[in-house]
Amino acid sequence: IAGAALIVRMWDEGVRNDLSMYLPGAMLHTGWPEKQVVDVMAAILKTVDDDTAPKKRALAVQATMDKYRAGEEIGGFNKLCETLDDPAVCTCLKKWWRLGESAGVLTFNGQAATAAVAKQQIEADASIERTFANRPKWPDSIDPAAYHGLSGEIVRVVEPHTESDPVAVLVQLLTAFGSAIGSSPYFRVGKSRHHMNLFVTLVGESSKSRKGTGLDLVMGFLQEAINKAWFKCINSGLSSGEGLIWAVRDEISKPGKKGDMTITDPGVLDKRLLVTESEFSRVLTSFGRENNTLSMVLRDAWDSKRLQTMVKNSPAIATDPHISVIGHITRAEVLKRLESTEAANGLGNRFLWVCVRRSKLLPHGGELSNAQIAPLAQRLKEAYQLASQLGEMKRTPAGKAHWEAAYHELSKTQPGLSGALLARGEAQVLRLSCIYALLDCKQQINVVHIDAAMAIWRYCEQSVNHIFWSKLGD
């Protein structure tokens, strides 16, 4: 019962079908009678919160059983451990259910040939150890420098009243503020302009990481501070490049009968767009569809380039877009959905990958009062009003010297998938430092703003190594 309860707890979207195959496979490899395997899996599928369990998952179980009877290869304990991605759970299943032992070693009255069982237990222990030996740990607590200024004060006030990870509240606040202020402030690098739009993906170990509650709190503050027009620029349902362009499209005109141009669509005047995706796995799935242009358009959107596709029946164009993205996903889902192509083609490194988890349990919720919100919201309003009117940003003399040291750290190349996902560190830190400065009502970036941005970036580096450890290949 305890083993089944553990499996139910780990039954997250993105790994459900794999668990439906590898768990019975591990049981069969160990020597469980087929009827016992079927009964246990039926009980698990009946218990889990999974709408497709009665049919799709049962078919996966049956497919594994059929392969086993036919003598075909099926996934076993090693595959199960890779899917669960939790050495403690794997160890419990090995001890309680004898998974990882060879068929014929144990009898089902709890007795077994002592020497053979001991040998199999040693081999199973070694298997678990090999699977998780090189796994990077969960990121260290973020450097307090990240909580600089107004954003840090907001996080500290909110933290006792939410189960959300403080890091989740922080990065979503920075992203939302960067979206709301629009494209007026920018930092010039060569001939390129960097605006304050960020792409962020919050990655939890499970669907209970309370990623969304942090965004709700952020929006509560912004509603008191930001022009109401911006809230009409918040949308979801990202599925195609053409759809993204349409959300911020220019005016569309067509030649009339007399040769004059007639406006057929007034377009969208406000080019700000904050895309929030609580099921970011759906977006990653869209990338793999044939002829889907979403990946290409997102890359151009992060760069604030003119957006256009060559699709014949999609004449929409978007100039000067200011698009930001906040995605929520579990680790299992991102590993399953993010193709190596997207990671390597420049889209993956336009996102900040951030590990988040539930910070505490609050059975009765939080009690954040208006008296706590109001003074911080007023300061946020003042920062917003100033930032939305500014133009080019620069660094102070001290900031320039500090940036040179940080730039050397950020420019170090890394091999493999981690290198691909972290290859845009200079640009990410630049944008973050600008947002910190703007929250301080400053047009110049100083040392503290760079330190705050670097603190977030180092946390993102650790997050990438933790999230993608089984795929890094470095």
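Please read these numbers as outputs of a predicted model, since none were measured by experiment.
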Any non-hydrogen side-chain atom of [X] less than 4.5 Å from a side-chain atom of [Y]?
X	Y	value
L352	V171	no
V200	Q172	no
V157	E153	no
H148	D451	no
W97	L23	yes
V167	Y147	yes
R193	S304	no
R57	V61	no

Within this structure, what is the [atom1]-[atom2] distance for the pair [X] and [Y], rounded to the nearest 0.5 Å?
X	Y	atom1	atom2	value
Y436	L150	OH	CG	11.0 Å
L217	T162	CG	OG1	4.5 Å
I323	N235	CD1	CG	11.0 Å
I456	S433	CD1	OG	10.5 Å
L244	T309	CG	OG1	11.0 Å
L93	C81	CG	SG	8.0 Å

Sequence neighbours left out, what passes ring pair (Phe, Tyr, Trp, His ring centres under 6.0 Å) with [X]? Give chain and number order.
X	value
H194	none
Y407	W403
W138	H466

Spell out, as yes or no, whether a donor-acceptor pair under 3.5 Å connects the side chain of [X] to the backbone of [Y].
X	Y	value
N197	L273	no
Q308	I245	no
H328	L202	no
T330	E333	yes
E277	G237	yes
E279	I329	no
N349	A420	yes
N292	L294	yes
K271	R249	yes
S463	C355	yes

- Message: Can you classify the ring geometry of F468 versus W353 as parallel (below 30°), tilted (30 to 60°) or perpendicular (above 60°)?
- Response: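 Correct class here is perpendicular.
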- Give the intermediate values and the outcome of side chain to side chain contact (heavy atoms under 4.5 Å, CB included) for residues T175 and F199. CA-CA 8 Å; T175 304; F199 290 2; over 6 Å; no
- Donor on one side chain, acceptor on other, S20 and R16, under 3.5 Å: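 No, R16 and S20 have no side-chain donor paired with an acceptor closer than 3.5 Å.
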- Please check if any side-chain donor atom of H449 sits under 3.5 Å from a side-chain acceptor atom of D440, or the reverse.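 D440 and H449 do have a side-chain donor-acceptor pair below 3.5 Å.
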Heavy-atom pair with the smallest gap, counting every atom of [X] and [Y]:
X	Y	value
T64	I74	O-CG2, 3.9 Å
A387	L438	CB-CD2, 3.9 Å
L307	D300	CD2-CB, 3.5 Å
H195	P185	ND1-O, 3.4 Å
Y459	V354	CE2-CG1, 3.8 Å
S418	V464	CA-CG1, 4.2 Å

- side chain to side chain contact (heavy atoms under 4.5 Å, CB included) assessment of V448 paired with K442: CA-CA 12 Å; V448 290; K442 304 292 184 183; over 6 Å; no
- Walk me through it: do E426 and S411 pass the test side chain to side chain contact (heavy atoms under 4.5 Å, CB included)? CA-CA 7 Å; E426 302 96 325; S411 299; 3.2 Å; yes
- Salt-bridge test for E409 and R458: reply yes if a basic N is under 4.0 Å from a carboxylate O, no otherwise.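 So E409 pairs with R458 through a salt bridge.
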- Determine, step by step, whether S295 and R299 satisfy the side-chain hydrogen bond (donor to acceptor under 3.5 Å, both in side chains) criterion, reporting the C-alpha distance in whole Å, the side-chain angles of both residues, the deciding distance to 0.1 Å, and the verdict. CA-CA 6 Å; S295 176; R299 294 197 300 273; 2.9 Å; yes
- Intermediate values then yes/no, salt bridge (charged side-chain N to carboxylate O under 4.0 Å, His left out), R350 and D303: CA-CA 9 Å; R350 283 172 169 82; D303 296 336; 2.9 Å; yes
- Task: Apply the test side chain to side chain contact (heavy atoms under 4.5 Å, CB included) to residues S239 and S286: give CA-CA distance (whole Å), side-chain angles for both, the deciding distance (0.1 Å), then the verdict.
- Result: CA-CA 6 Å; S239 61; S286 299; 4.1 Å; yes
- With sequence neighbours left out, what residues match D270 under side-chain contact (heavy atoms from CB on, under 4.5 Å)?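 By the side-chain contact (heavy atoms from CB on, under 4.5 Å) rule, D270 matches C233, R272.
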- Message: Going by side-chain contact (heavy atoms from CB on, under 4.5 Å), name the residues that satisfy it together with A455, two or more places apart in sequence or in a different chain.
- Response: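 For A455, the residues satisfying side-chain contact (heavy atoms from CB on, under 4.5 Å) (neighbours in sequence not counted) are D143, A145, A146.
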All N/O donor-acceptor pairs, side-chain side in residues 220-228, below 3.5 Å, sequence neighbours left out:
from : atom 1 : to   : atom 2 : distance (Å)
N227 : OD1    : A229 : N      : 2.8
K228 : NZ     : Q223 : O      : 2.5

